[in-house]
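The chains referred to below are lettered A, B, ... by the order of the sequence lines, with proteins before strands, and numbering in each begins at 1. Because the structure is predicted, anything quoted here is derived from the model rather than measured.
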Amino acid sequence: MSQTDQTKKLLLLDGNSLAFRAFFALHNSLDKFTNQEGLHTNALYTFSNMLDNLLASEQPTNVLVAFDAGKTTFRTKMFDDYKGTRSKTPAELSEQMPYFSTLLDAYGIAHYQLADYEADDIIGTLAKEAAGEMPVVVVTGDRDLTQLTSANTTVKVNRKGVNDVEAYTPEYLQEKLGLVPDQIIDMKGLMGDTSDNYPGVTKVGEKTALKLLTEYGSVENLYEHVDEMKQSKLKENLINDKAQAFLSKKLATINVNAPLTVSLADTERKPVDEAALVQFYQQMNFKSKLAKLPQTGTDGEVTAPAMIAISFTELTAANLAAALAKKMRRSFVIDILGDNYHVEMPIGFAFGTDEQWYYSTDLGLLTTPTLKDWLQDPEQEKDVFDSKKTMVLMERLGAPIKAMTFDLLLASYLLDTNDNSNDLGILAQQYDYFDVQTDLEVYGKGAKRAAPTDVAVLGEHLARKARAIYQLRSELLKQLQENDQDQLYDEIEAPLAIVLAQMELAGITVDSQRLKQMQADFSKTLSEIEALIYEDAGHEFNINSPKQLGTVLFDELNLPIIKKNKTGYSTSVEVLEQLQSAHPIVQRILTYRQISKLQSTYIKGLLKVIHPDHKVHTRYLQTLTQTGRLSSVDPNLQNIPVRLPEGRKIRQAFVPSHPDWEIFSSDYSQVELRVLAHVSGDKSMQEAFKSGYDIHAHTAMKIFGLSDPSEVTPDMRRQAKATNFGIVYGISDYGLSKNIGISRQQAAAFIAAYFEQYPDVKTYIDNIVALARQQGYVETIMHRRRYLPDINSKNFNLRSFAERTAMNTPIQGSAADIIKVAMINMQKRLQTENLQAKMLLQVHDELIFEAPTTEIPILEKLVPSVMDSAVSLDVPLIVESAHGKTWYDAK
DNA sequence: TTCATCACG
DNA sequence: ACGTACGTGATGAAA
């Protein structure tokens, strides 16, 4: 045997298995991937990406992709039903199969199939041949191939998705299953394989198979000693299914002596046939692959992917005036490396038009009169990416920006909430624009993230981003118009970005002394409870570790196991509440958890993010949620405790920024149910709102068949309330039963009664699901859109989820639309009324302000009137207000 | 990085 | 029969 050549490496790919993985990885986007001829291309696209990744990461000198030859193989001769239950390859994949060879030929990669043999056998035979010649890496989606691992061969198995691989070496196999590679076939023999449809031994699965192999080593040895086993059902099954076990083992065994007509030499990589590859990409309409194709110069030197050249120059005091001489629409970009634009300093900026692009890293230039004037000139239009971030940064730099008439980030979010990214480069690709790199490529990630040391490289990137915005503008505006979303963009999201920027910049004052006082109190309480818990447990442990806590409760104290999760015992509140009477430790843990949460998230967490101005400046994420709601980060001010009295006290630390000011808060009452009453047109529900009834009590009367509100007990009201919520969330009897602790039958009866009383609600949810199925998306009252690619999925879970979101999104999303309109109108009114009051926070259905005490009576009239008139629904919108010295007191 | 948990509407 | 409420973010532990 010759010496292993470490400069060489053989990569063997299981073509069919990877094609399947590739196909199903993008199964939901099947219709997005078709070429000019109507051919589906999703599997080819993903496969070619996989191939690129593998070639880059493995750097093989030799590659072969093995395919199955046909339906019948030597295995089907041994066992008629081999792979008999396997469902037919989807037509959308079959039609792509012939093109895999075209792609591989262009890549200069060998591919091979052999009549009567499977891809596995080809791979096994070649891997054996390569032993002693060169190391081998096998890539597949099929675990059976792990039997091939050896000192020379690593088998990489794709888990879910495409990039998540598990690398099997003999050591890893030993560690994971406690088996040597040869025992994989013994395991298969005992447990069988449902996807290949061979039986194994009845009632033996992976667990039992592993146990048997640990004891007996192999199928053969097991059967030599089977008589010695003590009487059991397992023993009977083993004896009865002996023939099947041996047959299954044989079927699972890869033939490493297949009569191949290719040799190792044939697997050597040939140069990429670039012309063929370009033609292939063009035929398949792989624009991103075309754009990334390395260019070969006339001297044969390979250079970076081709991007259309850009004319950019460094901005200086000298060329500044000329750069801005003409009045025209320009795009403007300013970058920071991280996310928090309230604290980070920008690394540079760029602006210009297709004629010329300018960049600079000198932020001082922004405040020179010429540039400053241009920035704040309301007549000079600017195209940007993320107007809120841009506005905050420019305010901080003392160079306010006005007239941001196009925001690429906002526009693309409205067009499709699914493929939103905060990275301009990634987003541009969605619109087939490739002349800009991603921030990840230019700045790096994690610890390595930094501005390029070469200023020209940074300048070019900034200029390219500015150009991408400039050039994508008309396409996105056109699509917004096609979707009937131009009003949503122009009148809601774009002006809202400015309002949000103002709210973020204003910030809310936090009384850190109050927080520190609470911190000290909580610390004391925590150590007291901690001591009691250790006493109960008999030893110290980390109470915050669900794992350690589980051990204490269920292994040591032997409390009944209520629920498990994938990592072990569940110790969630639901579980602990059921265990309360079983042991005094449980109540203490519940208390500990509650205080500990307040301490870490709300006291310590909040103290960490207070700025020198004594305020917290959250960031509202305007382009994140699938429904159109905002979210809040750094810190999240939309989940400050309110339900429990202990937690609610945190709100005492949120105070006005001036003495003699107060916190003022207004919230919509049951806005989602009102939206439901409106969109469903249900007369009965609309009547209840118009008459000003307590909607939950009204619902209780309806579903319990009562004739007078006085008959409604608090418990009936509670259950009716839960049912109302359930409807909004996309009801299921199981979910409702779990939520209010009744039987599934009772829950089903509630729902039936509900639909009988509110028949138009029933019609509405049936119709909305049907509509989603037909058009692929749902809309809010302001035409906000959510695509639901899973609505027609064959997977029950995915489809059900899509159906529930089809019901919920128009409701939650329309409520979000309404408060957004209210916020824009509100900010205007504060200005036109010359009020000092400031709008500070939004918490989905409530707005929080600070204002001089003298303005409170004005706000008490103004805010509700602006909020309840934001939109006109078929039912009234009701707004409730409160005020006080702190947020806590505004209740 | 992922999971479990728990805070909010 | 399937296994579920809708939308979020922050934390600490464990991998």
Spacing of [X] atom [atom1] relative to [N] atom [atom2], expressed in whole Å:
X: A:L598; N: C:dT11; atom1: CG; atom2: P; result: 13 Å
X: A:I848; N: B:dG9; atom1: CD1; atom2: C1'; result: 11 Å
X: A:D817; N: C:dG7; atom1: CG; atom2: C1'; result: 14 Å
X: A:E574; N: C:dT4; atom1: CD; atom2: C1'; result: 13 Å

Donor-acceptor pair (no angle test) under 3.5 Å: A:Q638 side chain, B:dC8 base: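 When only heavy-atom distances are counted, A:Q638 does not reach the base of B:dC8 through any donor-acceptor pair under 3.5 Å.
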
What I want to check is whether an N or O donor and acceptor connect the side chain of A:S732 with the base of C:dT4 at under 3.5 Å.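 Per atom types, the contact qualifies.
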
On DNA chain C, compare the nucleotides closest to A:Y734 and A:K597; which residue's is nearer the 5' end?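 Final value for this comparison: A:Y734.
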
Closest-nucleotide 5' rank along DNA chain C - winner of A:T805 and A:N544: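 With A:N544 and A:T805 compared, the 5'-side residue is A:T805.
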
Just so I know, are the side chains of A:H844 and A:Q812 near enough to count as touching, which here means a heavy-atom distance under 4.5 Å?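 The answer is no; the side chains never approach within 4.5 Å.
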
Nearest-0.5 Å distance, CG of residue A:L590 to CD1 of residue A:I595: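 A:L590 atom CG to A:I595 atom CD1 measures 11.5 Å (nearest 0.5 Å).
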
Least distance between heavy atoms, A:Q757 atom then A:I703 atom: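 So the two residues come closest at CG-N, 4.5 Å.
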
Between C:dG3, B:dT5, C:dG7, spot the one nearest the side chain of A:T625, thanks.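 For the A:T625 side chain, the nearest candidate turns out to be C:dG7.
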
Using the P atom as the reference point in each nucleotide, state the distance between C:dC2 and B:dA7 in Å, no decimals.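 After rounding to an integer number of Å, I get 33 Å for this pair.
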
When the P atoms of B:dC6 and C:dA5 are compared, how many Å lie between them, rounded to an integer?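 My reading of the P atoms in C:dA5 and B:dC6 gives 15 Å.
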
Taking the six-membered ring of A:Y777 as reference, does the cationic atom of A:R785 (NZ for Lys, CZ for Arg) lie under 6.0 Å from its centre and within 45° of its axis?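 Yes, cation above the ring, under 6.0 Å and within 45°.
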
Have a look at A:V633 and say if it touches a base, only the backbone sugar-phosphate, or nothing, with a 4.0 Å heavy-atom cut-off.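 Sugar-phosphate only.
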
With a 4.0 Å cut-off on heavy atoms, is A:S570 in touch with a base, just the backbone sugar-phosphate, or nothing at all?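 The answer is sugar-phosphate, as A:S570 gets under 4.0 Å only of primed atoms, P, OP1 or OP2.
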
Establish, with yes or no, whether the OP1 or OP2 oxygen of C:dT4 is under 4.0 angstrom from a side-chain nitrogen or oxygen of A:R804.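 For C:dT4, neither OP1 nor OP2 has a side-chain N or O of A:R804 closer than 4.0 Å.
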
